Asker: 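Structure in structure tokens, see below.
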Amino acid sequence: MNNPTVARAPVSEWLSQLPSVDKILLLDRAQEWLEEYGRDEVLRVTRSTLSLLRQALVEQKRVTAPELETLLDEIAATLKTRATPNLRRVLNLTGTVLHTNLGRAVMPPEVIEAMASAAAEPCALEYDLGQGKRGDRDELVEELLCELTGAEAATVVNNNAAAVFLLLNALSNRKETIVSRGELIEIGGAFRIPDIMKRAGAKLVEVGTTNRTHAKDFVEVIGVKTALLMKVHTSNYVVQGFTAEVPEVELAKIAHQHQLPFVVDLGSGTLLDLARYGLPSEPTPRQAIEMGADLVTFSCDKLLGGPQAGILVGRRALIQKIKKNPLKRVLRVGKVTLAGLEAVLRLYRNPDTLPQRLSVLQLLTRPQADMQAQAERLLPRIQNAITQCGLLLSTHPVKSQIGSGSLPVERLPSVALAIEPTTRLTEKNVLRLERLLRASATAIVGRISDKMLLLDLRCLTQDKEEIFVTALLAAASQVVSVR
Ligand SMILES: *Cc1c(COP(=O)(O)O)cnc(C)c1O
């Protein structure tokens with residue numbers, strides 16, 4: 001039974017039947033590949049496909065060699081996959097508008113245009129065109145930032161984590177920063193305030209308890225080694241019940257009585273009170289400064305709706321000190337980011353048009369009736385395809401999240417297409433469909449909840465509807481074919 005000589009003979013036969021690389025390259029189909037992908041790439045893929053095939057035959061993972069056409073299809077498919085960007089386009093139907101894993105804020109056309117232009121052409125990034133000499137890249141946005149926050153000065157770094165890190169290193173290296181225990185936050189992706197502090201060289205002094213911190217807790221620990229009083233916005237959770245925190249105004253007063261700066265990490269920095277757009281309120285940098293903060297840090301790709309960056313605004317002397325720190329050079333942003341940031345900040349000069357012009361705000365303020373109408377428009381177009389998978393399609397009221405730790409407990413009423421099994425047997429078809437949708441050229445990412453696939457329509461803008469329908473029909477037809 002286990003006689004290797006019996007098994008070996010057919011393998012070598014199959015192996016000898018495989019075409020050579022040279023022969024494949026002379027075929028008509030290969031001419032198309034050569035033109036599209038270049039000789040090196042076609043050679044690489046043809047060789048590796050053949051070699052994998054040989055290995056599979058030898059190891060008997062495969063018993064017969066494929067037909068020539070099948071082999072060519074395999075090479076063509078690999079060439080195509082390799083030419084597809086790794087960073088794939090996604091329709092975010094998760095219901096989380098600012099989804100960190102899906103790239104957070106989407107940006108408006110004028111912002112994208114500014115970024116594209118900065119990428120395509122030389123620009124006066126650090127060049128004073130009036131004087132004909134070297135300039136400072138922060139100046140591109142400093143005036144706008146001061147205008148929008150009421151601060152004296154501003155600087156920009158790679159993200160808000162970098163802003164916090166730089167601030168601590170510049171002002172609290174080998175010295176103490178006092179923070180309430182209730183604010184020692186962890187944000188996804190290994191951003192923990194205590195770890196950042198340690199790496200930045202700052203000594204963390206925790207005061208109060210998880211749920212209650214009082215003014216005297218801060219006063220008692222202030223000493224010669226104290227550098228800062230810090231407040232961290234607890235962006236991804238809320239402490240409820242028997243709680244007490246020291247208001248910013250009071251913390252600022254205590255800090256200033258001891259000639260210390262009071263700094264605030266706001267996390268998601270919306271520049272305007274979102275209540276004016278019917279959304280839950282989130283503290284703004286302007287409010288923090290008015291309450292006495294000497295420095296405020298915030299993200300640019302959360303509620304602000306721009307590119308990834310972190311901003312520090314506040315007193316001129318402190319910002320100057322921060323800018324002199326060598327880490328500022330390490331953490332600085334590039335021209336594409338600055339171009340996008342400037343363009344997005346300009347939109348804030350006209351708050352009345354912001355919900356139409358700022359993509360993030362447009363999505364967050366989208367009325368539920370609008371999504372309901374969209375759901376009813378889409379439903380008849382995909383109904384049949386879903387039924388054929390043995391699944392049930394309906395519209396479903398859901399709650400979207402803002403995301404990225406912004407406004408953690410607030411939910412926005414939204415509408416989803418819900419796809420659910422009709423019997424135990426079709427449960428796996430829901431999972432299959434979910435997987436196939438993720439594999440689409442424009443990936444569609446929803447969420448599974450209670451055996452149901454929910455496709456939250458909040459972020460499906462009208463211009464993406466056709467892509468959505470096409471991809472969904474294609475995926476549904478595959479669910480049936482593999483059944
Ligand atoms: C999001 C957040 C950060 C980190 O900001 P990034 O821009 O993601 O680096 C830091 N602190 C708070 C309070 C946050 O919410």
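Start at 1 and go down the list; that is how both ligands and their atoms are numbered. Bear in mind the structure is a predicted one, so any value in this text is a computation, not a measurement.
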Asker: Salt-bridged, Glu176 to Lys203, with N to O below 4.0 Å?
Answerer: no
Asker: Is there a nitrogen or oxygen of Ala161 sitting under 3.5 Å from a nitrogen or oxygen of ligand 1?
Answerer: yes
Asker: Do we see a donor-acceptor contact under 3.5 Å between the side chains of Thr209 and Arg181?
Answerer: no
Asker: Using a strict 4.0 Å threshold on nitrogen-to-oxygen distance, state whether Arg349 and Glu147 make a salt bridge.
Answerer: yes
Asker: Any N or O of Asp301 that comes nearer than 3.5 Å to an N or O of ligand 1?
Answerer: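 N/O-N/O distance under 3.5 Å: no.
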Asker: Using a strict cut-off of 4.0 Å, indicate which atoms of ligand 1 neighbour a heavy atom of Arg104.
Answerer: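 This gives 6 (P), 7 (O), 8 (O) as the contact atoms.
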Asker: For the residue pair Arg458 and Ser400, confirm or rule out a side-chain donor-acceptor distance under 3.5 Å.
Answerer: yes
Asker: Indicate yes or no: does Arg346 engage Glu110 in a salt bridge with an N to O separation below 4.0 Å.
Answerer: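 Here Arg346 does not pair with Glu110 in a salt bridge, since their nearest N and O are not under 4.0 Å apart.
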Asker: Considering the heavy atoms of Ser299, write down every atom of ligand 1 situated less than 4.0 Å from one of them.
Answerer: 5 (O), 6 (P), 7 (O)
Asker: Heavy-atom distance under 4.5 Å between the side chains of Asp138 and Lys323, does that happen here?
Answerer: yes
Asker: Select one of side chain, backbone, both or neither to describe which atoms of Gln308 lie under 4.0 Å from any atom of ligand 1, heavy atoms only.
Answerer: neither
Asker: Any idea which atoms of ligand 1 are less than 4.0 Å away from a heavy-atom of His233?
Answerer: 13 (C)
Asker: Of all the heavy atoms in Asp265, does at least one lie under 4.0 Å from an atom in ligand 1?
Answerer: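 Checking ligand 1 against Asp265, which is what was asked, there is a heavy-atom contact under 4.0 Å.
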Asker: Does Lys231 have a non-hydrogen atom less than 4.0 Å from ligand 1?
Answerer: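 No, that is not the case, since the closest heavy atom of the residue is not under 4.0 Å from the ligand.
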